[in-house]
Amino acid sequence: MSRTLVAPSVLASDFANLQREITMINESQADWIHVDIMDGVFVPNLSMGIPVVEAIKRHAKKPLDVHLMIVEPGRYVETFKKAGADNISVHVEACPHLHRNIEQIKALGCKAGVAINPHTSLRELENVIGDLELICVMSVNPGFGGQKFIEHTYEKVRQLKKMIVDANSKALIEIDGGVNMQNAKLLVEAGADVLVAGNFVFSASDPKSVISQLKTI
Ligand code: DX5
Ligand code: ZN
């Protein structure tokens, strides 16, 4: 039995049938529900807001993995916790006071995550790695679903895995962007613990079976 966690990203789901999509995830082997929040400033796109997160939470039977692609996310972490977030990830590039933000998230009782853009060096995580429970490695530039996977991610994941082991950190490595059956196995071999998948799941004719396939890697 695989220990890889799978988190379908609702950004790629049918928003007009969100309850049906959440029910599909509930009935699948997915572990978390990945929820992308974009502010049009940190990333050049807008996605969904707090009422949508609350609506997802009303139907979800799996933890909500909330990925905040917003500037100064510390202003909103409590609001997202109240809306139903179980995990909250903030971007290292958006947080001049990253350590404070991680403490804030933990104090709310959420799993604390940090997301890191493709161009950002892992050195940025050096001083907080022991405090983290989740590290979201962006394998595309954040802002849009359905983009092409960046190949450099494999090497970054290998290096990050080593950093985590050396620091005796319990952080899980999550991969976000362009995940599919071709790269999933290599990502897990490189050290990935959690696979986020948007288009690969929701554009499939049988999304539950795609989720099961990702689980069996
Ligand atoms: C990108 C988002 C991703 C996105 C992944 O900014 O953070 O979570 O939904 O979608 P796919 O799997 O389609 O690349
Ligand atoms: Zn995401």
Side-chain angles (χ1 to χ4, degrees), residues 4-15 18 21-22 24-25 28 30-49 52-53 56 60 62-71 73 76-77 80 85-95 105 110-120 134-154 156-157 172-188 192-205 207 210-211 213-215 217:
T4 306
L5 305 182
V6 175
S9 171
V10 290
L11 187 66
S13 73
D14 178 358
F15 282 10
L18 207 41
E21 302 283 51
I22 300 303
M24 181 281 289
I25 299 175
S28 77
D31 297 276
W32 297 343
I33 302 176
H34 188 81
V35 183
D36 288 308
I37 307 296
M38 305 179 186
D39 67 354
V41 179
F42 180 68
V43 288
N45 198 7
L46 294 158
S47 57
M48 61 197 100
V52 180
V53 179
I56 293 172
K62 319 243 173 174
L64 298 195
D65 179 44
V66 175
H67 175 195
L68 296 181
M69 286 163 273
I70 66 177
V71 294
Y76 288 105
V77 289
F80 280 103
D86 296 278
N87 311 337
I88 299 181
S89 294
V90 295
H91 265 266
V92 59
E93 302 84 4
C95 296
I105 296 168
C110 292
K111 199 185 273 287
V114 165
I116 182 163
N117 279 341
H119 80 278
T120 305
L134 185 63
I135 298 170
C136 178
V137 176
M138 293 308 301
S139 41
V140 297
N141 287 294
F144 303 91
Q147 300 183 81
K148 189 175 176 295
F149 177 83
I150 297 171
E151 299 284 322
H152 175 66
T153 309
Y154 302 120
K156 199 169 189 176
V157 172
L172 298 174
I173 301 178
E174 176 176 57
I175 313 298
D176 189 8
V179 170
N180 58 34
M181 224 51 204
Q182 276 71 55
N183 53 36
K185 190 168 188 295
L186 293 170
L187 287 165
V188 170
D193 304 291
V194 187
L195 300 173
V196 173
N199 276 67
F200 184 56
V201 166
F202 287 97
S203 65
S205 54
V210 168
I211 293 167
Q213 286 170 42
L214 288 170
K215 277 299 288 180
I217 281 165

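Counting from 1, the numbers follow the sequence of the chain as shown. Every number for a ligand or one of its atoms is a count from 1 in the order of the listing. Treat the numbers as computed from the prediction; the structure is a model and nothing was measured.
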Check Ser139 against Gly177 and note the closest heavy-atom contact, atom names and distance. OG-O, 2.7 Å

May I ask you to check whether over 12 heavy atoms, not counting those of Tyr154, lie within 6.0 Å of atom OH? yes

Sidechain-backbone polar pair: Asp36 side chain, His67 backbone, donor-acceptor under 3.5 Å: no

Which residue and atom name correspond to the protein heavy atom nearest atom 4 (C) of ligand 1, and how close is it? Asp36 OD2, 3.6 Å

Which ligand 1 atoms does Met138 reach within 4.0 Å, using its non-hydrogen atoms? 7 (O)

What protein heavy atom lies closest to atom 6 (O) of ligand 1? Include the residue and the distance to one decimal. Gly143 N, 2.7 Å

Only heavy atoms of Pro142, strictly under 4.0 Å: list the atoms of ligand 1 that pass. 6 (O)

Minimum non-hydrogen distance to atom 10 (O) of ligand 1, winning option of Ser203, Gly145, Ala115, Ser139: Gly145

Hey, does Ala197 sit under 4.0 Å from ligand 1 if you only count heavy atoms? yes

N, O or S of His34 under 2.8 Å from the Zn ion (ligand 2): yes

Once you round to the nearest 0.5 Å, how far does CG of Asp176 lie from CE of Met69? 7.0 Å

Test item: Asn87 side-chain N/O and Val66 main-chain N/O as donor-acceptor pair under 3.5 Å: no

In terms of atom number and element, which parts of ligand 1 are under 4.0 angstrom from non-hydrogen atoms of Asn199? 11 (P), 12 (O), 13 (O)

Which residue and non-hydrogen atom of the protein lie closest to atom 14 (O) of ligand 1, and at what distance in Å? Gly178 N, 2.8 Å

Could you give the distance from CG (Leu214) to NZ (Lys185), rounded to the nearest 0.5 Å? 13.5 Å

Hey, is the main chain of Val137 close enough, under 3.5 Å, to the side chain of Lys156 for a donor-acceptor pair? no

So is Phe200 in contact with ligand 1, going by heavy-atom distances below 4.0 Å? no

Just need the protein heavy atom nearest to atom 5 (C) of ligand 1, so name the residue and atom and give the distance. Asp176 OD1, 3.6 Å

Atoms of ligand 1 less than 4.0 Å from Gly146 heavy atoms? 11 (P), 13 (O), 14 (O)

Atom name of the N, O or S atom of Asp36 nearest to the Zn ion (ligand 2) is OD1

Got a second to check how far Ser47's OG is from Phe144's CZ, nearest 0.5 Å? 10.5 Å

Enumerated ligand 1 atoms positioned under 4.0 Å from heavy atoms of His34: 8 (O)

I'd like to know if the side chain of Gln147 reaches the main chain of Asn141, judged simply by a donor and an acceptor atom lying under 3.5 Å from each other, with no hydrogens or angles considered. yes

What is the nearest protein non-hydrogen atom to atom 12 (O) of ligand 1, stated with its residue, atom name and distance? Gly198 N, 2.8 Å

Closest approach of any protein heavy atom to atom 1 (C) of ligand 1, naming residue and atom: Phe144 O, 3.5 Å

Let me confirm one number: the CG-CD distance from Leu186 to Glu151, rounded to the nearest 0.5 Å. 8.5 Å

For ligand 1, which atoms sit closer than 4.0 Å to a heavy atom of His67? 7 (O)

In Å and rounded to the nearest 0.5 Å, what is the SG to CD1 distance from Cys110 to Ile88? 4.0 Å

CD1 of Ile211 to CG of Leu195, rounded to nearest 0.5 Å, is 12.0 Å

Proximal ligand 1 atoms for Leu11, defined as those under 4.0 Å from one of its heavy atoms: 9 (O)

Numbering the atoms of ligand 1 from 1, which are under 4.0 Å from a heavy atom of Met69? 6 (O), 7 (O)

Tell me which N, O or S atom from Asp176 is the closest to the Zn ion (ligand 2). OD2

Salt-bridge test for Lys111 and Asp65: reply yes if a basic N is under 4.0 Å from a carboxylate O, no otherwise. no

Considering only N, O or S atoms, which atom of His67 is nearest to the Zn ion (ligand 2)? ND1

